[in-house]
Amino acid sequence: MKILVCISHVPDTTTKIKFINNNTALDTAGVQWIINPWDELALTRALDIKDAQAGAIESVTVINVGLVETEPTIRKALAIGADKAIRVNLEPKDSFVIATQLAEVIKKDNFDIILCGIEAADGNGSSVGGMLSEMLDIPSVSATTFLDIENGQVKLQREIDGGHEVIATQTPFIAIVQKGICKEPRIPSMRGIMGARSKPLQVIEPVTADSLTELVNYEYPKSKAACRKVDAENVKELVQLLHEEAKVI
Amino acid sequence: MENKKVLKGGEFILIESKASDTFIPEEFNEEQKMISDMCGDFLDKEVLPFLDKIDTTEPGLMKSLINKSGELGLLGISVPEEYGGFGQSFVTSMIASDILGAGYSYAVAYSAHTGIGTLPILYYGTEEQKQKYLPKLASGEFAGAYCLTEPNAGSDANSGKTRAVLSADGTKYILNGQKMWITNGGFADVLTVFAKIDNDKILSAFIVERNFPGVSFNPEEKKMGIKGSSTVQIFFNDCEVPVENLLGKRGEGFRIALNILHIGRIKLGANVLGAGRRAIMHSVNYANERKQFGAFLSNFGAIKYKLAEQSIRQFVAEAAVYRTSKYVDDKIKMYMADGMPKIQAYIEALGEYAMEAAILKVYGSETLDYIADEALQIHGGMGFSAEMPVERAYRDSRINRIFEGTNEINRLVACDMFLKQAKKADSEIFTLSKKIYEQLGTVENIVPTATDYFGKKHFYLGNLKKACVLMLGKAYEAVGKQYSSEQEIMMAISDMLIQLYVAESVVLRVEKLENLKSSEEYIIYKDICDVFVYEASAKIYKSAIDALNSFASGDEFVKIQNGIRGFTTIEPVNIKEARRRVAGKLIEDNDYKF
């Protein structure tokens with residue numbers, strides 16, 4: 001079996017986000033880039049399965065849609081343990097474009113298990129996995145918190161309100177993974193880091209695909225209004241404010 | 001690289017270094033950044049959540065951390081591939097020491113294992129010794145320790161009483177003696193032990209395994225800080241060491257001990273960086289959440305001063321450490337290109353920068369002490385509570401001024417080489433010092449010839465160099481060959497040299513950063529440069545006059561004092577505003593992200 005893990009290149013989650021060009025673009029100056037945390041969990045689970053199923057998993061490949069500056073992030077995935085990588089040479093504009101590119105690659109190379117993080121920490125699109133499923137006409141399981149292969153049978157669990165659903169499916173399929181899929185992301189080892197550059201990183205040119213959405217601009221969350229204090233004696237004013245201004249009673 | 005001139009050890013005092021020849025931490029390559037992240041992730045996962053437990057020296061815990069470090073490959077960074085390591089550059093090994101330095105007691109165990117625990121065998125071992133021990137030290141299967149200090153032989157390491165006598169059948173050395181303050185001693189499997197053979201005056205070195213007959217261990221010492229680091233006394237009672245475990249030649253031990261300490265010192269310079277960054281983070285986190293008089297502490301100028309000063313000194317220390325580390329790598333390459341075997345090139349290169357290593361050790365450990373002390377102060381009463389992480393940072397910092405050669409010993413090392421040079425009438429320092437003295441009193445000494453920012457900075461650095469050279473020459477002239485008994489003067493001159501080296505390092509770092517930062521951001525880096533050059537000039541003046549007051553008087557005193565005053569005069573800089581801007585960045589980032 002072959003596993004493909006789709007990875008996004010996102011700003012470190014502690015980045016102070018600033019926008020430029022009339023709030024239409026992220027100011028990338030000084031930003032540290034990382035593998036999207038959910039994708040990193042997916043990768044870790046893929047590698048855990050590969051380690052546990054000696055010989056059953058032929059390879060773990062990572063794929064990213066991005067320009068050359070995402071390669072350090074891709075090599076980090078190789079350092080963590082992926083066997084090979086593919087980069088589709090395109091600046092990703094929206095989920096549809098990304099899914100289209102991924103689908104093209106997957107159609108040509110038969111992957112049995114395709115893993116996506118449930119969302120990317122930057123755009124929070126949460127839609128690539130679902131789109132891929134539709135484009136490839138294969139099943140997808142969202143919010144996957146458990147994935148394993150037992151005697152060639154795929155077992156999954158997905159998060160539902162107050163519990164879990166246990167699911168069986170045939171390959172190929174897409175698992176859209178949620179936290180819980182593995183304990184902690186793997187720390188790459190020295191050996192992994194030193195070997196990352198010698199693993200194959202294939203760059204392929206994109207197919208034509210138009211964005212379905214257009215980014216108009218970003219807005220910052222409204223800053224919280226200052227706290228107003230009402231004198232403890234003045235219950236009447238408090239009730240009035242809650243009723244008329246806050247409109248909560 | 002081929003055409004680049006590699007600065008020789010100590011040459012910084014005579015030659016103007018160029019930013020383009022200077023390596024700065026912003027130039028780490030992709031692998032180095034990954035290694036840095038890996039070390040940070042390792043601490044977050046395996047070390048920082050367990051600090052209290054680690055500090056109880058729970059049996060097996062530190063050894064298990066060493067094992068885990070080995071699994072990740074962290075122990076083999078400097079070990080060549082043929083012995084199971086990764087044969088990485090010196091800079092890369094310093095990055096690991098830097099980041100892991102934030103690991104409190106673990107950092108000490110890591111440092112001792114990979115440095116003084118492993119390197120003696122790597123550098124001086126026979127092929128058989130290397131094959132036998134290095135792969136296991138690199139993987140973490142074995143832990144290493146270094147046994148030099150004895151109850152009556154601390155700074156005076158060669159005065160140790162541990163003896164080795166060849167057995168009658170000539171197959172073993174019989175060791176007798178006592179070693180103390182042995183880091184990792186509680187669990188180390190392989191010990192490098194220094195002892196004198198028969199009635200030798202000079203030490204020899206031996207590889208002793210924990211299980212050899214006649215080795216015994218005292219319980220863990222109770223310490224003020226780095227409580228989780230294993231520190232024990234080790235006794236050798238008719239301990240039998242096979243003759244093939246003699247490390248290096250008979251009588252070579254003292255040289256081994258000193259050369260290994262050069263590395264230990266420079267590594268300590270890196271180690272304190274990680275610890276400093278973490279203490280600064282705790283400082284600014286607290287200053288940003290604690291309110292008094294209706295405002296966060298970080299709003300107050302007195303606190304901003306501390307936050308800025310912590311960040312500035314940290315930034316300076318980083319600049320000096322990575323500048324020097326790259327010199328070491330360049331020198332190794334140079335020696336190897338000349339046909340020197342790899343291991344010898346390492347030893348020679350590290351020996352070459354022995355005085356820079358001493359400077360980094362002293363400046364780094366005193367910087368961390370400053371940072372940790374002010375971190376505690378910013379926390380006020382809470383900082384004194386054992387519940388706060390800065391309390392541990394404060395206690396753990398203190399040892400750095402003591403081990404790997406006390407800062408006093410290192411100050412002597414730092415200026416000893418120059419004074420030795422000043423001795424020779426035909427030496428550059430001697431000649432230059434005379435020339436500077438003769439020219440004292442000419443006004444043009446103090447007015448920068450350049451008008452651009454860095455041109456002026458280099459002019460001031462040039463003047464600070466003149467002050468150092470002048471004082472070296474004059475001090476030697478005054479006290480002569482007895483200089484080694486005039487330690488007060490040596491301390492003062494060392495302080496000048498330390499400030500000069502680190503000030504030049506930060507100027508070079510900031511100069512090289514110009515194209516890597518936005519112009520808006522860059523202002524803050526110039527602020528760091530301005531404040532530090534100002535501080536260093538003032539400190540160099542004070543130290544010079546301290547020394548001068550110890551040997552000069554009358555007209556000569558006045559003449560030299562005026563000269564020093566000129567050499568340490570810089571144009572006005574609004575240090576209050578500069579520090580506020582530096583603190584402003586720290587406060588906004590809520591972490592050290594310079």
Side-chain angles (χ1 to χ4, degrees), chain A residues 9-21 26-35 37 40-41 43-44 47 51 62 68-82 85 87 182-199 201 226-227 229, chain B residues 26 28-47 49 68-79 81 84-89 92-93 95-96 99 114 138-140 281 285 513 516-522 524-525 585 587-591 593-594:
Chain A
H9 162 84
V10 300
D12 183 274
T13 47
T14 60
T15 308
K16 282 240 158 68
I17 300 294
K18 277 187 234 157
F19 297 111
I20 48 171
N21 302 341
L26 175 72
D27 180 1
T28 56
V31 170
Q32 301 282 333
W33 298 88
I34 58 166
I35 304 172
E40 199 176 4
L41 296 176
L43 173 62
T44 300
L47 297 171
D51 288 350
V62 290
V68 70
E69 58 264 23
T70 70
E71 287 194 0
T73 303
I74 298 173
R75 274 192 290 273
K76 175 89 184 264
L78 293 171
I80 291 171
R87 178 172 68 82
C182 66
K183 266 187 171 167
E184 276 166 327
R186 273 192 195 194
I187 302 176
S189 67
M190 277 300 293
R191 197 165 300 285
I193 292 170
M194 299 330 294
R197 269 190 201 276
S198 55
K199 288 181 176 175
L201 196 171
C227 176
K229 286 182 181 167
Chain B
E26 289 77 5
F28 292 164
N29 66 29
E30 193 179 309
E31 281 78 16
Q32 289 172 330
K33 282 183 198 152
M34 274 200 243
I35 290 168
S36 164
D37 288 347
M38 165 180 67
C39 295
D41 290 344
F42 177 77
L43 286 189
D44 286 342
K45 187 176 167 190
E46 305 287 355
V47 178
K68 284 176 183 168
S69 315
E71 282 164 25
L72 274 184
L74 291 171
L75 305 180
I77 293 177
S78 305
V79 177
E81 287 166 273
F86 297 93
Q88 291 298 294
S89 68
T92 301
S93 77
I95 294 172
I99 304 299
T114 54
S139 71
M281 182 196 80
N285 289 171
L513 273 180
L516 299 173
K517 299 280 175 191
S518 70
S519 50
E520 182 194 349
E521 248 188 322
Y522 193 55
I524 290 161
Y525 294 91
K585 174 171 166 60
I587 291 162
E588 196 195 322
D589 295 342
N590 201 26
D591 198 355
K593 287 187 176 175
F594 287 92

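All heavy atoms count here, side chains included; hydrogens, waters and symmetry mates do not. To find a chain, count down the sequence lines: A is the first, B the second, and so on, and within it residues start at 1.
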Legend entry - Salt-bridge criterion met for A/K16 and B/E588 (N-O under 4.0 Å): no
Legend entry - Whether over 12 other heavy atoms sit under 6.0 Å from B/K45 NZ: yes
Inset, instruction - Check whether more than 12 heavy atoms from other residues, nucleotides or ligands sit under 6.0 Å from atom CD of B/E26, and answer yes or no. - result: yes
Inset, instruction - Could you tell me the separation between the CD1 atom of A/I187 and the CD atom of B/E71, rounded to the nearest 0.5 Å? - result: 11.0 Å
Inset, instruction - Could you tell me the separation between the CE atom of A/M190 and the CD atom of B/E31, rounded to the nearest 0.5 Å? - result: 9.5 Å
Legend entry - Within-4.5 Å side-chain heavy-atom neighbours: A/K76 and B/D37: yes
Legend entry - Least distance between heavy atoms, A/M194 atom then B/F86 atom: CG-CD2, 4.1 Å
Legend entry - Check: A/P72 main-chain N/O paired with B/K33 side-chain donor or acceptor under 3.5 Å: no
Inset, instruction - Show the numbers, then the answer: is there a side chain to side chain contact (heavy atoms under 4.5 Å, CB included) between A/R197 and B/E30? - result: CA-CA 10 Å; A/R197 269 190 201 276; B/E30 193 179 309; 3.5 Å; yes
Legend entry - Test item: B/K593 and A/T14 side chains (from C-beta on) under 4.5 Å apart, heavy atoms: yes
Legend entry - Part of A/A79 within contact of chain B (heavy atom distance under 4.5 Å): side chain
Inset, instruction - Check each atom of A/R75 against the heavy atoms of chain B and say whether the ones under 4.5 Å are side chain, backbone, both or neither. - result: both
